Amino acid sequence: MHTPEPRSRIAELRKAAGLTQLQLSQRVGVTETTIANWERGRGGLDWIVKLIRLCDALNCNLKDLIEDPATTAAPLLSLEEAQALMRPPAPTHPPAAEPEAIAPLPPTPAEPNALSLSDAQRLMGSPAPEPAPEATQQQPRSIG
């Protein structure tokens with residue numbers, strides 16, 4: 001009696017998941033051609049059958065064969081451990097006392113070496129500017 005060859009159900013499952021061959025290939029990390037070949041039973045199907053037999057012999061599932069950090073679940077925490085992680089950390093030093101009011105600084109006296117504008121210009125060789133006449137002292141000029 002002839003045993004029928006295994007038939008790939010990848011296309012059927014892919015369509016049920018609403019994925020294209022390209023989308024599935026991107027999720028699996030293989031080329032789109034590889035997905036097409038698997039769906040047609042070319043290449044990979046023998047390997048899949050051997051993996052199924054390996055899992056049957058070891059009484060495990062496919063995920064048990066490898067340790068993948070991306071799919072390995074984090075260890076479960078007790079309620080107390082989870083609550084401790086959610087509490088804010090305790091302060092490491094006592095809170096600072098209320099700052100005392102700071103009195104304003106007294107005005108600083110003029111520096112003894114400060115120069116007026118006219119003194120600085122005189123030292124630099126520039127003539128001091130003429131003081132501006134008061135607005136009340138200006139008289140309109142008549143053009144003759």
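Values in this document were obtained by computation on a predicted structure and should not be read as measured data. Quick note: residue numbers are just sequence positions, from 1.
- In terms of the side-chain hydrogen bond (donor to acceptor under 3.5 Å, both in side chains) criterion, residue partners of Thr34 (sequence neighbours excluded) are, by chain and number, Thr31.
- The heavy-atom pair separating Ser8 from Gly41 by the smallest distance is CB-N, 4.5 Å.
- Scored by the side-chain contact (heavy atoms from CB on, under 4.5 Å) test, Leu22 finds Thr20, Ser25, Gln26, Glu32 as partners (sequence neighbours excluded).
- Annotation: Asn59, atom CG; neighbour count of heavy atoms from other residues, nucleotides and ligands within 6.0 Å does not exceed 12.
- Remark: Leu13 pairs with Arg9 by the side-chain contact (heavy atoms from CB on, under 4.5 Å) rule, at least two apart or across chains.
- Residues Val30 and Leu24 fail the side-chain proximity criterion, which asks for heavy atoms closer than 4.5 Å.
- Taking the side-chain contact (heavy atoms from CB on, under 4.5 Å) definition, one finds that Arg27 meets it with Leu19, sequence neighbours left out.
- Residues meeting the side-chain hydrogen bond (donor to acceptor under 3.5 Å, both in side chains) test with Gln21, sequence neighbours left out: Glu39.
- For Cys60, the side-chain contact (heavy atoms from CB on, under 4.5 Å) criterion is met by Cys55, Leu58, Asp64, Leu65, not counting sequence neighbours.
- A single hydrophobic cluster is seen to contain both Leu54 and Leu62, as judged by linkage of ILVMFWY side chains at heavy-atom distances under 4.5 Å, directly or through other members.
- Leu51 and Trp38 fall into different hydrophobic clusters, where Ile, Leu, Val, Met, Phe, Trp and Tyr are joined by side-chain heavy atoms under 4.5 Å apart, directly or via other members.
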